[in-house]
Structure formats: C-alpha cells, structure tokens
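These notes are about the structure you will find just below.
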There are 2 protein chains.
Amino acid sequence: FIKLRDIFKIYQMGGEDVVALKDINLDLRRGEYAAIMGPSGSGKSTLMNIIGCLDVPTSGSYHLNGQEVAAATEDELAAIRNREIGFVFQTFNLLPRATAAKNVELPLIYAGLPPEERRQRAAEVLEAVGLAKRGHHKPNEMSGGERQRVAIARALVNRPSVVLADEPTGNLDTKIGDEILAVFQHINDEGKTVIVVTHDPDVAAKARRTIVLRDGQMVDRAGKKIK
Amino acid sequence: FIKLRDIFKIYQMGGEDVVALKDINLDLRRGEYAAIMGPSGSGKSTLMNIIGCLDVPTSGSYHLNGQEVAAATEDELAAIRNREIGFVFQTFNLLPRATAAKNVELPLIYAGLPPEERRQRAAEVLEAVGLAKRGHHKPNEMSGGERQRVAIARALVNRPSVVLADEPTGNLDTKIGDEILAVFQHINDEGKTVIVVTHDPDVAAKARRTIVLRDGQMVDRAGKKIK
Ligand SMILES: Nc1ncnc2c1ncn2[C@@H]1O[C@H](COP(=O)(O)OP(=O)(O)OP(=O)(O)O)[C@@H](O)[C@H]1O
Ligand SMILES: Nc1ncnc2c1ncn2[C@@H]1O[C@H](COP(=O)(O)OP(=O)(O)OP(=O)(O)O)[C@@H](O)[C@H]1O
Ligand SMILES: [Mg+2]
Ligand SMILES: [Mg+2]
C-alpha cells in the first residue's frame, strides 16, 4: 500500500548539504497503525511530508496504492491529498482569520460538500476532540492545545483512508491526549491507516509497530542502522 | 518576589465571556523552581503571560519585586521584560526571516551589547541547547524541536533573573529534553527563578513545587479548589 524505496532527502544550502533522510526503505500495509520516533531533527517530519505527498524525495521511489507518486500530475497529487490523506501538522497551520469551524470545514469545501452537511460534519468532529462550544472562535483566541485539536479535527473531517499525525499530543494533557488516541484507534479499527510521529513512548505503545529514525536513517531498537 | 492577588482574566467576546483565570492567589519566592500543570485550556499560558508582564489581568493585583505591575509605565514594563524576564513561548514566536543566531541575539541588541559580545553569547547558548552548527539557518529550515530550542536559547541569552518556559519540551525527545531541563536546573542553582508550564509529569517532578490549574482556578492535588 505504501512502499518507499531508497529514499533520500537532501537540502542544499549554500556550500553545505543537510541530509534529512537517507536509505529509507519502508513498507506499510493498508490498515497499519505505526508510530515514528527519534530524536529532534532525525527526519520524522520530513518522512511524514513525503508519505503525505506534501514533499518530494531528492531520490528514490514512493509507491502509494500501486501508483508511483513522482509520476503523478499536480492535479492527481492534489486529489490524493484531499481525498485520501488527513494530515495533522506539527505546527498546526490553521488559517488565522477563519473560525475553528471554518478551518475544519476547509477539506469539505474542496470535496464539494454542500454547506449544511459541512457544518454538521465539522460540528461532529469538533465534539470528538472536546471543542464542541468553541467552533466560532479563531485560532488566536484559543490555547495551544485547543489549536492542536482544531488541526486534528480538520485532518479527520473528510474521513481519509490515511491519517498522518505529526506529534498530535505534544500540547495536550494526558487525559485529552488519551481521548485523541482513542479516536485514532477507532479510525484504525475501521480499516484506515494511521501513522503517528511522537516523542512519547506511551503514545508509541498504542501503535502496532514502531519505526525509529536517527540522523535521517532507520535504526532498530538497539540503534543500529537497518538495511 | 512574585505576588498575585485575586487575579481574574476574562475575555469578552460578543455576547459571551470566556473566564480564562479566576481567583488566582499565588506567592513565588525569588529562586523558586515551580511547575504549572493542568488540562488543555485551563489557563496556564494566560497565567504565564501575566507573570511575564506580557498581558494584564482584568482585575486583581500583581506585585513583582515589590512593584505593582499595573502601575508601571510602558517603558518600565519593557525594561522589566527585557532585563529580568526570559520567556519561552508555547508557539516559539521566532522571526521567520532572521537566522537562528540573529533570533537569539535579539534580546542582547535591546540590551545594548556590542556585536562581538552578542555573537559570542549567542553561540554559547546555542551550543548549550545542541544547536552549535545551526546558527546560520532560518526557522523554516529547521525541525519543530530545533525551533523550540532556538526559542529556549533566546530566552536564556540575556541571563534573566526569571525564566518562564511555556511547555519547553513539548517537541523534544526525552534525551534532549533532559539536557534542556539540566540547563534550567543549573540556572536555578545560580539563584534564578524558573517557572515551567508542562503537561509532562516527569518534567514537573524536576521542579520543587507544582501549581495545578483547572478551568482557570488553582486546585490541589485532589482537584479541589484552593482559596
Ligand atoms: N484571546 C483570547 N480570546 C478568548 N479566549 C481566549 C483567548 N486566549 C485564550 N483564551 C481561552 O482562555 C482559556 C485559557 O487559555 P490558555 O491559553 O491559558 O490555556 P492553556 O492552559 O495554556 O492550554 P494549553 O495547555 O492547551 O496550551 C482557554 O479556554 C482559551 O480558549
Ligand atoms: N527546509 C529545510 N532546509 C534545510 N534543512 C532542513 C529543512 N527542513 C528540515 N531541515 C533539517 O532536516 C533535518 C530533519 O528535519 P525534520 O523536521 O524531519 O526533523 P524531526 O525529526 O521532525 O525533528 P523534531 O522532532 O524536532 O520535529 C533537521 O536537521 C532539519 O534541520
Ligand atoms: Mg518534526
Ligand atoms: Mg498553553
């Protein structure tokens, strides 16, 4: 379902190269629930952005559902991102001048849903993340953890087949964090693929499989490079 | 040293009021090392912003080092913030078009330090947070945890007497998070006051005292309101 082969991501910056990912080889089945862990700067967000079709590798191949993503047109990529993938960004990336509800409705606007159905679905998913009464507030009128939950709600509202969450509980207390993870588990029980980047071993424990990065490479639990 | 009496913070929004803080009474000694915990939305960042002179309460009084902050002039407040207080924001608030080193030098520019000394100090504190080689990169060329560490470095570079850190390890793995906490402990050993907002009980355990908020109020460990 997700097949990464020999993936490299290298940022060329003036005289130096920053190797964000190297030698990444990874197979993920449909319906997988995986956690990605590793030190700050080890390449986790970069890997997520490539899986989520938000970024392209410098070299290597990425097959999603049998299709080589590098060969896809801009329109095909946009359609994949909107229909199939729900992405929770590490820095939320909410529209500052739109209310929480409008932010959450955005993927449904792209999907062409009528207004009443959009409002209904946005309200449902905001309730699921504990923000039922805050839909009419803007991001800068909310706490850090509330904004994180709006970003989570937006990623889930289109019922995507792949949920990619980059440190979704970083700004949340344990209780609400567990509620969010229960939502992810429920989604995974329905057969959807869930991939979570986390620094928290308790969060990784909820996944069925853990992938560990160090300095841009995959390593096993002893820290030795996997090939 | 820090004395909050009957602090309220109420946001008036159209027809409704959001009570972010109510009945806050708190004494913090000079050299205290305190953690503030509580659910998402419970008022932690709001409390930190008031302590850090970045926001004013709706009612109540705040004495800092014997001076009533509400009675201070704009210039006096700016001087306090620049000389006495180092603030790590939950959302980092870095200048996107400046390098990490320039971001870290900013408080020293306000303090009037000459360029060579600024560069030296910025390099020292960037090394202390594990970013020795990244000073010439901009925030959008860095990972989430790297940006968080630039924000931490900037808060510490002017050697403030009060360090206020709003969830400083939220984007960091355990190893680098522990290194940051060791830096805070070292600063506290020198007699400086350190206050950390955190969702992580392991981080709170490093402080000498924990303050718990729920729905804008201080509660004891059983969850009962403190008066
Ligand atoms: N500018 C604002 N206008 C209206 N309400 C606000 C504003 N800023 C914060 N709030 C509300 O005040 C309450 C406390 O917010 P605060 O940011 O202090 O919470 P917090 O404890 O830091 O939460 P988190 O752990 O999620 O960061 C929240 O309900 C929040 O939505
Ligand atoms: N646009 C960019 N230009 C140059 N280097 C970059 C860029 N984006 C990321 N990097 C670097 O690539 C490496 C991997 O970054 P990435 O964001 O994937 O790390 P991460 O594992 O998500 O870290 P964190 O846990 O701190 O969020 C880091 O060293 C980072 O500084
Ligand atoms: Mg990241
Ligand atoms: Mg906060």
Side-chain angles (χ1 to χ4, degrees), chain A residues 11-16 18 20 37-49 89-92 94 99 129-131 133-134 136-149 166-167 169-177 179-180 197-202 204 212-214 216, chain B residues 11-16 18 20 37-49 89-92 94 96 129-131 133-134 136-149 166-167 169-177 179-180 197-202 204 212-214 216:
Chain A
Y11 294 102
Q12 296 182 308
M13 320 185 57
E16 57 172 328
V18 173
M37 298 192 81
S40 170
S42 56
K44 306 178 298 296
S45 296
T46 304
L47 179 57
M48 289 286 268
N49 288 341
F89 294 89
Q90 188 170 4
T91 48
F92 318 157
L94 301 175
T99 62
V129 299
L131 291 175
K133 299 204 189 69
R134 305 300 303 276
H136 55 295
H137 288 154
K138 300 201 182 64
N140 69 353
E141 296 166 344
M142 305 178 93
S143 76
E146 289 165 348
R147 287 178 215 164
Q148 187 159 40
R149 286 182 273 156
D166 197 344
E167 304 196 31
T169 60
N171 283 285
L172 302 176
D173 55 283
T174 323
K175 177 161 178 293
I176 194 82
E179 285 175 36
I180 297 298
V197 167
T198 184
H199 284 303
D200 188 338
D202 296 334
V212 184
L213 295 183
R214 181 195 300 273
Chain B
Y11 293 103
Q12 296 182 306
M13 320 185 57
E16 56 173 327
V18 173
M37 298 192 81
S40 169
S42 56
K44 307 178 297 295
S45 296
T46 305
L47 179 57
M48 288 287 268
N49 289 340
F89 294 90
Q90 187 170 4
T91 48
F92 317 158
L94 301 175
V129 299
L131 291 176
K133 300 206 188 67
R134 304 301 303 275
H136 56 296
H137 289 153
K138 299 201 183 65
N140 68 353
E141 296 165 337
M142 305 178 95
S143 76
E146 289 165 347
R147 286 178 214 164
Q148 186 158 38
R149 287 182 271 155
D166 198 343
E167 302 196 31
T169 60
N171 283 283
L172 302 176
D173 55 284
T174 323
K175 177 161 177 292
I176 193 83
E179 286 174 38
I180 298 297
V197 167
T198 184
H199 283 304
D200 188 339
D202 297 334
V212 184
L213 294 184
R214 181 196 300 273

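Throughout, protein chains are lettered first and strands after them, A, B, ... in sequence-line order, and every chain is numbered starting at 1. Just so it is clear, the model here is predicted, and its values are computed rather than measured.
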Problem set entry | Which portion of A/M13 sits near chain B, non-hydrogen atoms under 4.5 angstrom | side chain
Problem set entry | Pick from B/V18, B/I176, B/L172 with the largest number of heavy-atom pairs that fall under 4.5 Å of chain A | B/L172
For this session: Please step through side chain to side chain contact (heavy atoms under 4.5 Å, CB included) for the pair A/E167 and A/K44, ending with a clear verdict.
Result: CA-CA 10 Å; A/E167 304 196 31; A/K44 306 178 298 296; 4.0 Å; yes
For this session: Over all heavy atoms of both residues, which pair between B/N140 and B/R147 is shortest? Give the atoms and the distance, please.
Result: CA-NH2, 4.0 Å
Exercise. So do the side chains of B/T174 and A/H199 get within less than 4.5 Å of each other, counting heavy atoms only?
Worked result: no
Problem set entry | Proximity breakdown for B/T91 and chain A, heavy-atom pairs closer than 4.5 Å | side chain
Exercise. What pair of heavy atoms forms the shortest contact from A/G144 to B/Q90, and how long is it?
Worked result: CA-NE2, 3.5 Å
Exercise. Considering only heavy atoms, which portion of B/Q148 lies under 4.5 Å from any heavy atom of chain A: side chain, backbone, both, or neither?
Worked result: neither
Seminar exercise, completed: Scored by heavy-atom pairs under 4.5 Å with chain B, the best of A/P201, A/A20, A/P39 is A/P39
Problem set entry | Region of A/S143 in contact with chain B, defined by heavy-atom distances below 4.5 Å | side chain
Problem set entry | Passing option when B/H137 is tested against B/E141, B/R134, B/K133 for side-chain hydrogen bond (donor to acceptor under 3.5 Å, both in side chains) | B/R134
